[in-house]
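The next block holds one structure in the form of structure tokens; read it before the comments.
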Protein chains: 2
Amino acid sequence: MRHSTGQKDRESRLLRQLREKGYKLTSQRLAIIHLLAGDTSHPSASDVLKRARKRVPKISMSTVYYALDMLKREGLIRELEFYEKENRYDINISDHINLVCRKCGKIEDFMGEVPLSPTEVEGKTGFRPEGMRFEFYGYCRACKNRGKR
Amino acid sequence: MRHSTGQKDRESRLLRQLREKGYKLTSQRLAIIHLLAGDTSHPSASDVLKRARKRVPKISMSTVYYALDMLKREGLIRELEFYEKENRYDINISDHINLVCRKCGKIEDFMGEVPLSPTEVEGKTGFRPEGMRFEFYGYCRACKNRGKR
DNA sequence: ACGCATTTTCGGAATGATTCCTAATTAGAT
DNA sequence: ATCTAATTAGGAATCATTCCGAAAATGCGT
């Protein structure tokens, strides 16, 4: 395992990186980063807004989008578009596979080895991969036991 | 290789399946199915509209969406949401990997073996996969040679 | 601690893809 | 040829996201 990815570690790492790049650490951003660092549920922008308001009640949706966009541009979070309406944001930027439950909507990370290397793909096709997205859609342990609907 | 997937084959197979299920084969649908069957470029809904109008000039966007939704519900095409605005539609519903070019936007299919079995995932996680989506983002052969920007 | 330049925030308006609605049309069965 | 249910067209509605401009706040230098 390369990083220990505890919430505290992750949070202070993010804050340090932003400070180094000269971003201002406003109370709004502190709240957003804090909640993202401790969240593996892949929240949507409105989820982020709702939770950020517990600390900063007057934060606006525009601010949430502005902050998420900044984190995204800096490569500190990953944005995922799914088959539902809203995008989801993932603090786990390492290559991994998402397991998306079709019943409850939960998104788990599957951290096993990614079984296909960019080099192999480029060798066979000439296409040079720089990023990836692997997902399985199905039913999580809880939902598959309760019946799919 | 399991199916020969020539355009003609694919088109008549789609039409047969729809007829069997009792769908009406209108001129609008014939045009849409014809163009999708011969298209591996993963067109968006507005691409489909534009090309369908060559055969059926008065076809409306609502009709295109209605037809795409029907094909999708019947499992005859696959809808993909990407990081651009519009969804894309893929006539290739077998499991495969998409190679998405960040410069020209082209989406190629990579038909090699999918290197991770649903059974393996379920064994390790309890999650039961039913569908998948694997993508690499990068630069296609043409774009990588011309420089990325 | 204070002022300043720049970034960030906020609220609302604009955008744009998709969905919804309703009346008119049409395919396919009888 | 008639009938009925499905389909179409066009426009309105929706909803996430982006854009805009004015006000506020950060963090720098002094």
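Note on naming: letters A, B, ... go to the chains in the order of the sequence lines (proteins, then strands), and numbering restarts at 1 for each one. The model shown is predicted, which means the values in this text are computed figures rather than measured ones.
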Atom-pair distance (CE on B/Met61; P on D/dA12), nearest Å: 17 Å

Nucleotide C/dT18, atom P - distance to CG of B/Leu49 in whole Å: 12 Å

Under 4.0 Å protein heavy-atom contacts per nucleotide of nucleotides 20-30 of chain D, with B for base, S for backbone only and - for none: -----BBS---

Phosphate OP1/OP2 of C/dT9 contacted by A/Ser60 side-chain N/O (<4.0 Å): no

Closest listed nucleotide, where the reference is the side chain of A/Tyr65 and the choices are D/dA16, C/dT18, D/dA9: D/dA16

B/Tyr23-B/Gln17 side chain donor-acceptor pair, cut-off 3.5 Å: no

Candidate nucleotides D/dA9, C/dG11, D/dT8, ranked by approach to the side chain of B/Tyr66 - the nearest: D/dT8

Ring geometry between B/Phe134 and A/Phe136 (parallel below 30°, tilted from 30 to 60°, perpendicular above 60°): perpendicular

Nucleotide D/dA6, atom P - distance to CD of B/Gln28 in whole Å: 17 Å

Atom-pair distance (CG on B/Asp69; P on D/dA6), nearest Å: 15 Å

Value in whole Å for how far the P atom of C/dT9 lies from CG of A/Leu68: 11 Å

Backbone of A/Gly126 reached by a side-chain donor or acceptor of B/Lys144 within 3.5 Å: yes

Considering only distance and modelled atom types, tabulate donor-acceptor pairs under 3.5 Å from the side chains of residues 45-52 of chain B, sequence neighbours left out.
| unit_1 | atom_1 | unit_2 | atom_2 | d |
| --- | --- | --- | --- | --- |
| B/Ser46 | OG | B/Ser44 | OG | 3.3 |
| B/Ser46 | OG | B/Glu86 | OE2 | 2.5 |
| B/Asp47 | OD2 | B/Ser44 | N | 2.9 |
| B/Asp47 | OD2 | B/Ser44 | OG | 3.1 |
| B/Arg51 | NH1 | B/Asp39 | OD2 | 2.5 |
| B/Arg51 | NH2 | B/Asp39 | OD2 | 3.0 |

Atom CZ of B/Arg53: over 12 foreign heavy atoms under 6.0 Å: yes

Side-chain donor-acceptor pair present, B/Tyr66, B/Gln28, cut-off under 3.5 Å: no

